[in-house]
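To start, the structure itself, in structure tokens.
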Amino acid sequence: MMPTAKKKEISKPTISEPVKAPAKMTLVSGIQPTGKLTLGNYIGALRQFVKLQDELEDTELFIFIADLHAITTPQDKTELRKSIRNVAALYLACGLNPEKVNLFIQSEVLEHSVLGYIMESTAYVGEMERMTQYKDKKGKQTEGIRTSLLTYPALMAADILLYDANIVPIGDDQKQHLELTRNLAERFNNLYGETFVVPEGFFPKTGARIMSLSDPTKKMSKSDENPKSYINLLDDLGLIRNKIKSAVTDSDGAIKYEPKKKPGISNLLTIYSSLTEVPIKDIEDAYKDSNYQTFKAELAEIVVDAIRPIQQEYFKIINDTKLDDILTAGAERARFVAQRKMQKVYKRIGLGRIK
Ligand code: AMP
Ligand code: TRP
């Protein structure tokens with residue numbers, strides 16, 4: 001559904017008003033600043049954002065660093081701060097254009113937390129307990145499981161609904177959270193009257209789930225204990241080559257896409273196809289008389305060629321105050337839109353006083 005034209009509910013225009021005509025569509029997405037971003041994040045998320053920024057017309061983009069989500073599990077404060085800046089710089093290094101995207105830090109826009117609480121007051125405990133990511137993460141911890149680990153999908157729903165997002169680009173693992181967001185938006189609308197746009201997920205055709213290089217039946221994850229299982233976008237290029245070359249594959253030697261029977265080589269084919277945009281079928285044909293060693297060596301160069309320019313850009317901006325200016329401007333615009341939405345939400349529920 002398209003967002004309806006907004007009535008002017010705030011009389012004082014701020015510098016956060018977009019200069020252009022209001023966009024018809026809104027895109028929202030975020031990444032948690034936990035650990036270092038991987039090739040999986042790049043293919044499943046960052047690269048998609050850049051493509052969408054260039055392809056979508058008449059769309060306003062809100063992309064943020066989900067630092068509040070990070071504290072659902074314990075974090076070291078120095079590392080967290082570093083990680084937030086690191087992710088912001090990587091977003092830009094991967095090609096996000098601050099002229100086209102509102103890039104900001106979630107915790108700097110307080111409305112996320114307020115609407116998160118309101119979403120907790122819309123969702124049922126049973127729904128939260130059914131989330132597979134919660135069950136997985138809870139299973140890995142023995143004690144001190146934080147309440148926010150359970151309620152996290154309510155905050156994610158708030159992140160999306162605050163901006164009337166139509167399009168939410170995410171990896172496969174976030175499907176269930178998006179489904180919940182849609183249910184919460186509909187429930188809220190039924191309870192209190194039409195307030196939120198019901199968002200749609202946007203999933204990349206190839207690469208929605210890049211698997212671990214050491215155990216290709218598991219997702220490539222930045223929190224994996226084995227650093228050979230993932231490629232960190234800031235890994236040394238030589239190390240990246242080695243990781244690809246030593247990726248676990250089967251012993252039959254045929255370069256064929258069969259995710260069930262041959263998960264290792266299928267994962268490498270997915271990476272190859274995502275980065276080159278060559279269909280998997282064509283890659284299989286090209287390598288039908290080849291072997292794993294040659295294929296891996298060529299893939300290693302493709303991965304290095306994709307990551308090298310990102311690293312160069314990253315080191316240019318990480319210590320530049322321009323990065324702060326971009327994040328400040330992004331937060332200002334996000335705050336403007338979010339505050340306007342919250343006025344409506346308060347009115348619908350009957351919170352506070354009538355203004
Ligand atoms: P996370 O690192 O879990 O905060 O994820 C940030 C974004 O990257 C989400 O949209 C994820 O779905 C996506 N993502 C994370 N890991 C992968 C992966 N291995 N393959 C594809 N997408 C991923
Ligand atoms: N939960 C997402 C993840 O772990 C990150 C995220 C938080 C997000 N809020 C969001 C993604 C809103 C899309 C939209 O990957």
Side-chain angles (χ1 to χ4, degrees), residues 26-50 52 61-73 75 83-84 86-87 90-91 94 104-107 109 112-113 115-116 119 131-134 136-137 148-149 151-182 184-185 199-224 229-233 263 267-268 270-271 273-275 334 338:
T26 304
L27 177 150
V28 170
S29 200
I31 294 197
Q32 286 197 40
T34 34
K36 311 264 165 64
L37 293 188
T38 68
L39 185 65
N41 292 124
Y42 176 63
I43 295 176
L46 290 157
R47 206 159 177 271
Q48 303 303 321
F49 302 162
V50 175
L52 288 166
L61 291 88
F62 293 90
I63 294 190
F64 61 92
I65 296 117
D67 58 345
L68 290 171
H69 286 286
I71 60 166
T72 52
T73 53
Q75 305 294 336
S83 214
I84 292 170
N86 172 296
V87 172
L90 275 172
Y91 268 128
C94 288
F104 65 100
I105 300 170
Q106 181 191 29
S107 66
V109 181
H112 285 250
S113 309
L115 188 58
M119 285 298 125
M131 294 292 120
T132 52
Q133 197 175 61
Y134 167 67
D136 287 353
K137 288 197 179 175
S148 57
L149 192 66
T151 57
Y152 153 116
L155 181 59
M156 177 158 163
D159 297 337
I160 296 169
L161 301 179
L162 257 184
Y163 302 99
D164 283 336
N166 321 84
I167 316 164
V168 184
I170 40 174
D172 266 3
D173 59 335
Q174 297 298 319
K175 238 181 205 161
Q176 203 186 19
H177 294 156
L178 187 79
E179 219 25 66
L180 178 70
T181 302
R182 292 167 54 84
L184 296 181
E200 300 282 342
F202 178 92
F203 304 92
K205 281 196 212 80
T206 343
R209 200 170 161 84
I210 300 297
M211 310 306 277
S212 152
L213 298 177
S214 53
D215 175 0
T217 58
K218 279 192 335 201
K219 192 183 92 158
M220 180 184 285
S221 164
K222 54 196 172 193
S223 52
D224 201 296
S229 71
Y230 56 81
I231 288 177
N232 172 349
L233 291 178
N267 185 41
L268 297 184
T270 302
I271 296 173
S273 172
S274 309
L275 295 179

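Whatever order the structure lists ligands and atoms in, that order sets their numbers, starting from 1.
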Minimum heavy-atom distance between T217 and P263, given as atom pair plus value: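 For T217 and P263, the tightest heavy-atom pair comes out as CG2-CG, 4.4 Å.
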Nearest-0.5 Å distance that lies between atom CG in D159 and atom CE in M119: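 Atom-to-atom, D159:CG and M119:CE are 11.0 Å apart.
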Considering only heavy atoms, does [X] approach ligand 1 within less than 4.0 Å through its side chain, its backbone, both, or neither?
{"X": "K222", "result": "side chain"}
{"X": "I210", "result": "both"}
{"X": "R209", "result": "backbone"}

Any side-chain heavy-atom pair of [X] and [Y] under 4.5 Å:
{"X": "L161", "Y": "P199", "result": "yes"}
{"X": "L90", "Y": "Y42", "result": "no"}
{"X": "I105", "Y": "F64", "result": "no"}

H69 and Y152 aromatic ring geometry - parallel, tilted or perpendicular at 30°/60° bounds: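 Ring orientation of Y152 relative to H69: perpendicular.
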Nearest neighbour of atom 5 (O) of ligand 1 from the list I271, D173, N41, on a heavy-atom basis: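 The option holding the nearest heavy atom is N41.
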Ligand-side contact atoms (ligand 1) for residue partner I170, heavy atom cut-off under 4.0 Å: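 In order of number, 10 (O).
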Ligand-side contact atoms (ligand 1) for residue partner Q32, heavy atom cut-off under 4.0 Å: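 This gives 4 (O) as the contact atoms.
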Please tabulate protein-ligand N/O pairs under 3.5 Å for ligand 2, atom names and distances to 0.1 Å.
unit_1: ligand 2; atom_1: 1 (N); unit_2: Y152; atom_2: OH; d: 2.4
unit_1: ligand 2; atom_1: 1 (N); unit_2: Q174; atom_2: OE1; d: 3.2
unit_1: ligand 2; atom_1: 4 (O); unit_2: Q32; atom_2: NE2; d: 3.3
unit_1: ligand 2; atom_1: 4 (O); unit_2: Y152; atom_2: OH; d: 3.0
unit_1: ligand 2; atom_1: 4 (O); unit_2: Q174; atom_2: NE2; d: 3.3
unit_1: ligand 2; atom_1: 9 (N); unit_2: D159; atom_2: OD2; d: 2.7
unit_1: ligand 2; atom_1: 15 (O); unit_2: Q174; atom_2: NE2; d: 3.3

Within-cut-off N or O pair, M211 and ligand 1, under 3.5 Å: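 No; the residue has no nitrogen or oxygen that sits under 3.5 Å from a nitrogen or oxygen of the ligand.
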D172 bridged to K219 by N-O distance under 4.0 Å: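 So D172 does not pair with K219 through a salt bridge.
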Side chain to side chain contact (heavy atoms under 4.5 Å, CB included) partners of N41, counting only residues at least two apart: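 Only L37, T38, K222 meet the side chain to side chain contact (heavy atoms under 4.5 Å, CB included) criterion with N41.
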Ring-ring centroid check H177 Y134, cutoff 6.0 Å: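 No - the distance between ring centres of H177 and Y134 does not fall below the 6.0 Å cut-off.
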